Structure formats: structure tokens, C-alpha cells
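First listed ligand is number 1; within each ligand, the first listed atom is number 1. Bear in mind that the values here come from a model prediction, so they are computed numbers and not experimental data.
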Amino acid sequence: MTNIFTNAKTFEQAFVTQLENTYAIDFKDSNAYQQYLALGTLLKEHISTDWKNTNKIEADKRQVYYFSMEFLMGRMITNNLMNAGVYDVVKEAFTNLGLDINEIEHKETDAGLGNGGLGRLAACFMDSVAALALPVHGNCIRYRYGFFKQKIENGYQVEYPDRWLKDIHVWEVRRDEEAIDIPFYGHIELHVDEKGKLTVYHKNAEYVKAVPYDVPIIGYKNEVVNTLRLWSAEPSDRYENQGGTFEYHKKLRQISEMLYPNDETDEGKILRLKQQYLFSSAGVNAIIRKHKKLYGTLENLSEKAVFHINDTHPTLIIPELMRILVDEENMEWEKAWEITRHCVAYTNHTILSEALEKWPIRLLQPLLPRIYTITEEINRRFELELKAKFGDYAKQVEEMCIIKNGMIHMANLAIVGSFSVNGVAQLHTDILKGIEMKTFNDYYPNKFNNKTNGITHRRWVLQSNPELVSILKDTIGEGWIKDTTKLEGLLKFVDDKSIQKRYDEMKLARKQALAKKIFKEQGVELDPTSIFDIQVKRLHEYKRQLMNALHIMHIYNELKTNPEVRNHFHPHSFIFGAKAAPTYYFAKKVIKLINTIADKVNNDPDTNKFLKVVFVEDYNVTYAETIMPAADLSEQISTASKEASGTGNMKFMMNGAITIGTLDGANVEIAELVGNDNIVIFGMNAEEVTSLMASHSYNPYDLYEKDPHIKRILDQLTNGFFDNVPNHEFEEIRRNLLERDTYFVLKDFRSYVMAQAKANKMYQNRSEWLKKSIINTAKSGFFSTDRTMEEYNRDIWHLEKIK
Ligand code: 26V
């Protein structure tokens, strides 16, 4: 096949031909969407040989299958063009044809197959493993509706369905021939023959056909193409007791209908359990089928395959593997268990106990009868082992057992059934090992390990910040793209006035781009020379968007009542982006509060030259590409010990923002890398939070009484200060803060106000600020997922790179 991407001219011809042939129209009559599809189709064809070759080369190699219920991919077109090394050719050809490549890129819908950090991390991992030529493939669900679209109506969040697949998904390849029937419900019959051989029959099952759609993951200019496999639920051709077929069809299609828009809280929905089993079972069975075809046996499975589970959502692969080995392969339990345990590795992403998954037996048992009995047997044997060691009534037995009080504890199952358990930042891992999962860590001293998260610098700098790319090129060259530790080379330039100037110009350009987008979409005008202070992440109480909002009220009060303050306050734009789970009442109230503050502040002529607030609608990956490079200040203000890692903090840092934050998650590592002068840390640390919680001595009301600023703000929540909402609108927020304040917003408030004041002052010393900004980029190389993936590979996966 000739390479049409060798130069602009050949590509131009191929592109025009493709368009005209596909749509039977003249090129000049084609629209941007058709042009996007033509480009995508040509690129997919272009990489198909590499894709096929990668699959061939990898076939008998050890591989990793990354099971994740979420892959928050965003748009793939730009990433694909750049990684395939054809972006410039296409851009030139489009210019010649009078087309705008940006407009065409924007025709792709954002693939929102994830909630937030956990899903975006999986997407960054996929980009890095391909770049590093590691044979790692994703497994997920092909949700017909991704994460909901958010509209703000009258200040409130309203959710709309995300119909990302309504148009053609140009990258995917449907593989009918690899579809797999998955049984649900029914009952199990066990048959033991004269020789004692056990046969298991799953009777009266309702089968659902899982159909894989493969999406290519293109490595950065290295001819490697890995696979992200998305499973879709369809009617099976096996009609065993399908009952009313219409009902059956309706019900089963729901399985891959939509992504659950909750993170952190477990709603215990049966449909979510079906989703989990569908993609876990289908994924494992497809891999096993391939393995058996190649080797004729599963005895060597753990040499050739690692099933990495992203949080506990795919934990059912453990009993599923056992089912296959024991029931289908007639393997002895002990041997099957040995293999299973050596195949599975687990990553924990949260310490919030409400987010640890538990499934009630009464839901799981009828839905997955065989999986349940296997889980019961895993638990029975494990309890025997524990009792033998600790005694029948030891607390270790109670703590570590998998099934208790009618619930199956998925994290316990994942720990027991895996060879590696990792946390996602040093502090998080320390808390897992030393507190939350201490008993397990004592029992399995070598199982727990840390792998600090990262981000792919290819999407978050190379693709999103052209001005920074150009500065880097002129200072340290292009080596950082392959090896981000080379960013440290920038340290030589921190005092170089011409480079500081270019950093200043870079930020201004990125801030202008964001301001332009916000103005276009929401009509709010931001001054690009003001400090862009940004908090974008899911809305959660522990992330404390509320503290940020209360601080804005405080600043407003100060500017309003004390005009002298205006003389030394650098104008400040506070930007928020956040989606609340549709059922999370309190979080939605916080959104309303932020919008109410914005309304008041932005429309006050006394202050609005100094202070602007905007809540961007529908924050998603595509939006983040404009937001991350545009921040001066990165808000990472969670209650210490609650944020496992955070990854937005890393994106901001790499793009030269200074973090204002608590010593939580990966902020701790950011602080260590940049040093105290180049970050603004405030508030209680994790230990202080933990001991304050344990002492039950915290009384937020005291702070209200003692601190007049806090009193003023809390009173303003309900005293008519906001004249466009009823007085009771924020009553629950006020009450919550005064009576509980679970996340210590008031406790840390004073310290936050001071940190903010410090940052504002710091910003005004331009040269010093720019220096800090450069240092932040220079030290951010550690946070590339290339480093994270190298560590996973070195310590957990042990894969050979694809040659
Ligand atoms: C948990 C649950 C619980 C059951 C209901 C549905 C559901 C859906 C998603 C999750 C995962 C929440 C955990 C999570 O997203 N953790 C985030 O992971 C990031 C990547 O490691 C990390 O940076 C964030 O700090 C952490 O909150």
C-alpha cells in the first residue's frame, strides 16, 4: 500500500478522492463533518498494517489486559494524527485546500466513557504504553451514552444524555466473529461421576451476546498500535428460556446503554453488576480462547497474561477465571487458584470507605449463581487459612474475610485474589499500608506497592500548548517528548529574562484562548491579565469547591467594604468546572452557590474589575485541553488524606501553573519536587486531619463565633445578601458547615485565606512568578505516565517491549 501521508500533495489527492467517492459529491460541496470522517477513515487505513503487525508480533508474548470500567478518552483525532506522525502533512494539505484543521478536529465527539480521574488515568495509560511499545490492551464497555452533558439552567446543574455514538465512531472495528455469550440468572446443577469428576451445568440461563469493538491506540511515532476493546451487549442467538423476547431485548440492551454517572458512592444497582460481569467475563474469555488456540493449555496462563484491574469494578474476573479453570478445564482448585492469583493485579484509587464496593449476596447470587458459589468457596478457604493462623475469633479474620453480613467485599476479594495491590500516590499508599488496609499489609507484606499517577504529556502539552512546545524546542530541544526528565534542562533558563518573557507570553496566549472560549459559550468576559485561578474536577465535598467559593465571598466582602484593599490586590478570575453526580444533592447546591456568587460579583461595578467568577458549563476532556494551559494558579485543596492522588494537579503543573493546595495526594510529591518556594501549601496535613477526626473534638461553631470573617460569610448565605435567591436556598450549606463540617472547610479557612493572599502578592513580582512557573514545568517530568507505566512494568507486569 502506498503511503498517502508522505507529502501534502499526495495526501490532498487521496483526501479529495476519498470524499468524492464516499459521498458522490464534488469536494467543494463537502462539509466539515464529511471531511472529518474522510480524514479518520484514511488514517485508520494508514495505521491498519501497523495494527495487524503489532498483533502478530505480540501474539506469543506476555501481555497485559487493563480492565477498566472507564476510559475517558476525549477526542482521538488530534492525538492519532500526531502519534502517527502525519499531523503536519495533513495540516499543510488542508491549508492548501482552504480547510481549517481545527474546525475539522472539532467535528469529533468527545468520548466521555468515564467519570473523572480514574477514567482519564486509564486513557493516559493507554497513550503511554503504546508510546513505550508495551503490549498492553484495554477492556471496557461500549456505552451508548457516555458521561452526561451538563447544562447550567438558572444556576442549577441539569443533566442531558451524551449521545456520542449518534454519529459514526470512525476509529472502531466491530468484530462479530469474536462475540461471546454471557450467561445470567438460571441455576447450577452439579454432577459428580463415578470417578469423582465434577461437571457443572448452568441451567435456564439468560444469555447476552457481548460483541467487541476494537479501537486502535497509536504509539508515538513507533509503528506500534495497541487495542482498546469495548464490549457491547446484544441479543444472543441462544434462546434458552429467554421468556418474553421483547422484554429480554429491552433489558439486555440496557447493559451497555449508559455509564453510571456516580463515582465514589455505591448505589448497588443490579444493572451495574451486570455491566461489570459482562465486560469482565467477555474480556477474560476472549483472552483465554486466544491463549488456548496458541498453547492448547492454560497451565502457562500466568506467564503470558496479566489482568490488571482498575479499582474493584472488574474484580469478578477472579471468580470468572476460577470458573473457567475449574469447571471448564477440570483443573484442581489449588492449582487453579495458584494460576489465578498470579494473573491478577489490582490498583486501588480511593480511601473513602463509602467508595469501597460491596455487593449484597441477595443481588449477586441469583444473577451469577456459579460466580457466587465460587466466591463463597474462595472465602471459605481463606477464612480457614486465617483461622489457622490467628484463631477462630481473631479480629484479623473478621476484618479480612470476603463475605460478611450478607455482603461481598470486593476490595478484599481483589487483594486476596491478586499478586500486587498498588496505591496511586505515595501518601495514599502509605495510608493504605499503615491504616486502611494495614491488616492485609501485615498479612501479605510484599503485595502492596506504590505507583504514583501521571498524565500523558503528549496530550496535555504537545497537543494542548503550542506556545510552550515552541519554548521547549528553542531551549531544550525535542528530547523531552521521548523522555520527560529532560524537562529539567529548563532549570538553566529560569533566570533568563527572554525565556521568562516567552513564558509570560505563552500564558497570556493560553489565557486569551480560554477567555475567548468562555466568552463565546457563556458570554462572561474575563481579563486575560488577571490571575486565572482554576479548580476543575468532579464536585465532591472532600475536594472542597465550597471552601474556594466561600473565599471568593470573603474577597468580595473585602474589596467592597475596604476600597484600600483594591490598591494591592491583583485582579483575579476564579474559574470552576465540575460535574456533580445527578443524585448528589449537596454537591448540586454548591454549584448553585458558585453560580449565585458569580452573578452577584460579576455584576457589581464596584468590584468587577478586580474579581470575576465563572463556572464553565460541561467540563470535559476537550474543555480541559483549553483550560489546563491557561491557569496561573491550580486549586488542589482537598481535605488532606482524602484525595488519593489527583491528576489535574499534574496537568496544571506541567503547563507552568503554581499549585495552591493541601499536602494531599500527589500534591505532596509536587511540593517535594518544586520545593516550598514554588508552591503554596496551607491547611492541616493528613496526620492532623486523622487525629482531629479520631478525637471527635472539632466544633465548627467555635470558629463561627471567633472569626468575624467566617461569621459574615456564613450569615450572608441566608440573610438576603444574595438577592436573587430565596433566603433558605443555602440553608443546608450553612447548617452543614456549622453542625458537621465533615471536611474541615472552616478549620482550614483562615489558612487558605492567607495562602491566597500570599499567592496574589507573589504574582505581582512578575519575574519571580515566571521563574516559579518555569520551575514547575521543569520539575514535572516525573508526572508523565511514561514514568508511571515504566514503573508498573518494572515492578508488576514484567513485559518485554515490542521490537
Ligand atoms: C467508584 C465507584 C464506587 C461504586 C459506584 C461507582 C463508582 C465509580 C467510580 C469509582 C471510582 C472512584 C475512584 C476514583 O475515581 N478515584 C480517583 O482516582 C484518580 C486516579 O487514580 C485519583 O487521581 C483521584 O485522587 C481519585 O479520587
Side-chain angles (χ1 to χ4, degrees), residues 66-72 113-125 140-141 143 147 258-276 308-315 346-360 363 407-411 414 421-429 431-432 450-456 536-544 578-579 581-584 636-653 661-662 664-670 686 743 783 785 788-789 792:
Y66 195 80
F67 282 73
S68 175
M69 243 181 140
E70 307 189 359
F71 281 87
L72 192 45
L113 310 186
N115 269 285
L118 166 139
R120 182 56 228 174
L121 183 75
C124 284
F125 280 6
C140 186
I141 295 167
Y143 302 103
F147 194 32
M258 63 132 199
L259 171 86
Y260 270 83
N262 269 354
D263 59 349
E264 310 285 0
T265 48
D266 183 354
E267 284 201 63
K269 291 264 170 61
I270 190 106
L271 192 55
R272 187 163 161 98
L273 190 56
K274 285 186 185 170
Q275 291 186 332
Q276 295 188 348
H308 199 107
I309 59 178
N310 197 25
D311 222 290
T312 53
H313 320 144
T315 302
Y346 157 54
T347 300
N348 172 287
H349 292 268
T350 184
I351 28 196
L352 298 183
S353 53
E354 62 271 30
L356 288 181
E357 277 192 305
K358 302 178 240 341
W359 286 109
L363 288 186
M407 301 289 244
I408 305 161
H409 291 243
M410 304 310 273
V421 179
N422 75 281
V424 290
Q426 193 58 56
L427 175 67
H428 171 230
T429 303
I431 294 173
L432 290 180
N450 177 248
K451 296 289 166 284
T452 298
N453 282 166
I455 58 164
T456 169
V536 284
K537 47 182 81 250
R538 283 302 292 271
L539 217 139
H540 267 289
E541 283 164 279
Y542 81 83
K543 295 179 191 277
R544 300 199 292 193
K579 289 181 184 175
T583 55
Y584 194 167
Q636 309 300 336
I637 59 179
S638 52
T639 314
S641 81
K642 302 292 177 193
E643 188 71 272
S645 161
T647 44
N649 46 1
M650 303 168 185
K651 292 165 201 161
F652 282 123
M653 175 196 188
T662 48
D664 198 16
N667 299 352
V668 176
E669 287 156 83
I670 295 179
Y743 296 101
F783 295 112
T785 32
T788 313
M789 292 291 84
Y792 272 77

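Residue Gly116 places every heavy atom at 4.0 Å or more from ligand 1. Ligand 1 lies out of reach of Arg538, whose nearest heavy atom is not under 4.0 Å from it. The closest approach between Arg120 and ligand 1 stays at or above 4.0 Å for every heavy atom of the residue.
Atom NZ of residue Lys537 and atom CD of residue Gln636 lie 4.0 Å apart, to the nearest 0.5 angstrom. Cys124 SG to Leu72 CG: the interatomic distance, rounded to the nearest 0.5 Å, is 9.0 Å. Between atom CG of residue Asp311 and atom CD of residue Glu357 there is a gap of 7.0 Å, rounded to the nearest 0.5 Å. Atom CG of Asn262 sits about 7.5 Å away from atom NZ of Lys269, to the nearest 0.5 Å. Taking CD of Gln275 as the start and CG of Leu259 as the end, the distance is 7.5 Å to the nearest 0.5 Å.
Every N/O-N/O distance between Glu357 and ligand 1 stays at or above 3.5 Å. Residue contacts with ligand 1: Thr350 is placed with no nitrogen or oxygen under 3.5 Å of a nitrogen or oxygen of the ligand (distance criterion only). At a 3.5 angstrom cut-off on N or O pairs, Ala355 does not count as close to ligand 1. By the 3.5 Å distance cut-off applied to N or O atoms, Ser645 is counted among the residues near ligand 1.
Both the backbone and the side chain of Leu118 come within 4.0 Å of ligand 1, counting heavy atoms alone. Proximity of Arg272 to ligand 1, defined as any heavy-atom pair under 4.0 Å, is confined to the side chain (atoms from C-beta onward). Contacts of Asn453 with ligand 1, taken as heavy-atom pairs under 4.0 Å, involve the side chain alone.
Listed by number with element, the atoms of ligand 1 under 4.0 Å from a non-hydrogen atom of Val424 are 21 (O). Within ligand 1, the atoms closer than 4.0 Å to a non-hydrogen atom of Ala644 are 25 (O), numbered from 1 in the order shown. Ligand 1 places these atoms under 4.0 Å from at least one heavy atom of Tyr542: 27 (O). Listed by number with element, the atoms of ligand 1 under 4.0 Å from a non-hydrogen atom of Gly646 are 22 (C), 23 (O), 24 (C), 25 (O).
Shown are Thr312, Leu356, Asn422; of these, the side chain to side chain contact (heavy atoms under 4.5 Å, CB included) with Asn348 is made only by Leu356.
Under the ring pair (Phe, Tyr, Trp, His ring centres under 6.0 Å) criterion, Phe125 pairs with Tyr66, Tyr792, not counting sequence neighbours. Under the rule for a side chain to side chain contact (heavy atoms under 4.5 Å, CB included), the partners of Glu541 that lie at least two apart in sequence or sit in another chain are Tyr584, Phe586, Asn736, Tyr743.
A side-chain donor-acceptor contact under 3.5 Å links Asp664 to the backbone of Ser641.
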